[in-house]
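Below is one structure, written out as structure tokens; the observations come after it.
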Amino acid sequence: MENNETTFYLGEKKTGSEPVNNPYKNDPVISYGGEMPLVFSNEEYVPLTNDEIENKRILSKMLEKKNMINRRLLYLEGKKQDLLGYYMNIEKNDKGRDVREFVKVFLFFIGLFIVLTLGALNKKAAITAAVVMIVFSLVIYIRYRMEGTDDKLEDLDRKMSGMEEEHRKLELEKEKLEEKIKKFKEHEKEQGHI
């Protein structure tokens with residue numbers, strides 16, 4: 001059985017000479033993500049003209065505006081998803097609304113019947129029952145207004161339609177900007193700037 005293990009001695013200096021043509025000895029080697037800067041490349045530096053600098057600035061501004069539109073579109077998409085979640089939550093919590101409406105109307109007619117029956121028997125009891133029924137009706141009305149499900153849903157619909165309109169406008173603006181960028185790049189290529 002052979003032993004192919006290599007023994008490393010930490011801290012010992014390697015004995016031996018460096019290669020004669022070591023490319024790393026004279027010039028530093030720089031690793032760079034993306035295109036190599038002209039300073040470190042072997043190409044000759046060609047200064048840009050004022051027109052080329054201005055064209056690059058214009059193109060940079062158009063691309064920056066496109067990025068801002070994309071960020072706004074993503075924000076609107078997230079907000080629309082949030083609104084849909086709120087909408088579904090409100091509808092889920094409001095499942096038994098029809099039953100509650102029926103019970104409220106039923107209780108109102110029962111109270112009215114009791115007041116009329118007591119009115120025929122005893123006027124004082126009828127007045128007391130009427131006051132209790134009015135207070136009960138006010139409590140139900142206030143509670144119903146606090147729920148405000150219809151108002152909440154209408155508000156969410158209004159916000160959603162506003163977001164969809166803004167989204168549509170941003171999409172149109174983005175398409176126009178992309179067409180403008182494409183034409184600008186083609187024009188630059190024709191002139192040999194790119």
Side-chain angles (χ1 to χ4, degrees), residues 32-35 53-188:
Y32 183 77
E35 190 177 326
I53 292 172
E54 182 64 23
N55 289 341
K56 289 193 181 294
R57 187 186 64 76
I58 292 170
L59 181 62
S60 175
K61 281 192 173 190
M62 286 192 288
L63 291 173
E64 185 178 339
K65 186 173 182 180
K66 180 183 167 190
N67 285 338
M68 287 171 40
I69 291 172
N70 284 336
R71 283 195 302 267
R72 182 65 182 170
L73 288 172
L74 288 173
Y75 172 78
L76 288 176
E77 285 297 321
K79 279 304 211 183
K80 282 200 291 188
Q81 293 301 321
D82 290 344
L83 288 180
L84 283 174
Y86 297 147
Y87 200 96
M88 290 171 53
N89 192 23
I90 288 170
E91 286 184 341
K92 184 181 98 175
N93 292 339
D94 200 37
K95 281 182 183 174
R97 183 174 189 188
D98 295 335
V99 174
R100 288 194 305 263
E101 292 292 323
F102 174 73
V103 169
K104 289 174 191 174
V105 171
F106 184 69
L107 287 175
F108 176 76
F109 283 117
I110 288 177
L112 185 62
F113 176 73
I114 292 171
V115 168
L116 292 175
T117 307
L118 287 176
L121 300 175
N122 185 354
K123 298 272 187 211
K124 209 174 207 183
I127 292 172
T128 306
V131 169
V132 169
M133 185 178 141
I134 290 171
V135 170
F136 184 69
S137 298
L138 284 174
V139 168
I140 289 175
Y141 177 75
I142 291 171
R143 172 69 194 258
Y144 178 73
R145 290 303 297 168
M146 285 176 63
E147 287 178 1
T149 305
D150 291 336
D151 295 338
K152 290 178 186 176
L153 292 177
E154 287 175 10
D155 186 43
L156 289 176
D157 285 339
R158 194 171 36 257
K159 286 180 182 177
M160 184 70 80
S161 61
M163 284 185 183
E164 287 173 353
E165 180 65 24
E166 184 181 358
H167 191 278
R168 188 184 61 76
K169 287 180 182 177
L170 286 173
E171 283 290 339
L172 289 174
E173 186 178 351
K174 181 181 170 186
E175 287 175 9
K176 290 177 185 176
L177 190 61
E178 285 177 342
E179 187 63 33
K180 192 175 177 182
I181 290 171
K182 183 179 176 185
K183 286 180 182 177
F184 189 82
K185 284 183 176 180
E186 288 173 358
H187 178 27
E188 287 290 303

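Values reported hereafter were calculated over all heavy atoms of this structure, with side chains retained and with hydrogens, waters and symmetry mates removed. Here, residue 1 is the first one in the sequence, and each next residue gets the next number.
- Atom CD1 of Ile69 is separated from atom CG of Leu177 by 5.5 Å, given to the nearest 0.5 angstrom.
- Between Leu84 atom CG and Asn89 atom CG the span is 12.5 Å, to the nearest 0.5 Å.
- Evaluation of the side chain to side chain contact (heavy atoms under 4.5 Å, CB included) rule for Arg57 yields Glu54, Lys61 as partners, not counting sequence neighbours.
- Enclosure of atom NZ in Lys159 is not indicated, since only 12 or fewer non-hydrogen atoms of other residues, nucleotides or ligands lie within 6.0 angstrom.
- For the salt bridge (charged side-chain N to carboxylate O under 4.0 Å, His left out) test with Arg168, the passing option among Glu165, Glu166, Glu171, Glu164 is Glu165; the others fail.
- A 4.5 Å side-chain heavy-atom check between Lys66 and Asn70 finds at least one atom pair inside the cut-off.
- In this structure a side-chain-to-backbone donor-acceptor pair under 3.5 Å is present from Ser161 to Asp157.
- Atom CD1 of Ile58 and atom CD of Glu188 lie 8.5 Å apart (nearest 0.5 Å).
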| said: Under the criterion side chain to side chain contact (heavy atoms under 4.5 Å, CB included), I'd like the reasoning laid out for His167 against Glu77: C-alpha separation, chi angles, the key distance, then a yes or no. | reply: CA-CA 9 Å; His167 191 278; Glu77 285 297 321; 3.0 Å; yes
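- Summarising the geometry, atom NZ belonging to Lys174 is positioned 9.5 Å from atom CG belonging to Asn67; distances are rounded to the nearest 0.5 Å.
- When all heavy atoms are compared, the tightest approach of Phe184 to Leu59 is CE2-CB, 3.8 Å.
- Note that the CE atom of Met163 and the CG atom of Asp82 stand 8.0 Å from one another [nearest 0.5 Å].
- Rounding to the nearest 0.5 Å places CD of Glu173 at 9.0 Å from CE of Met68.
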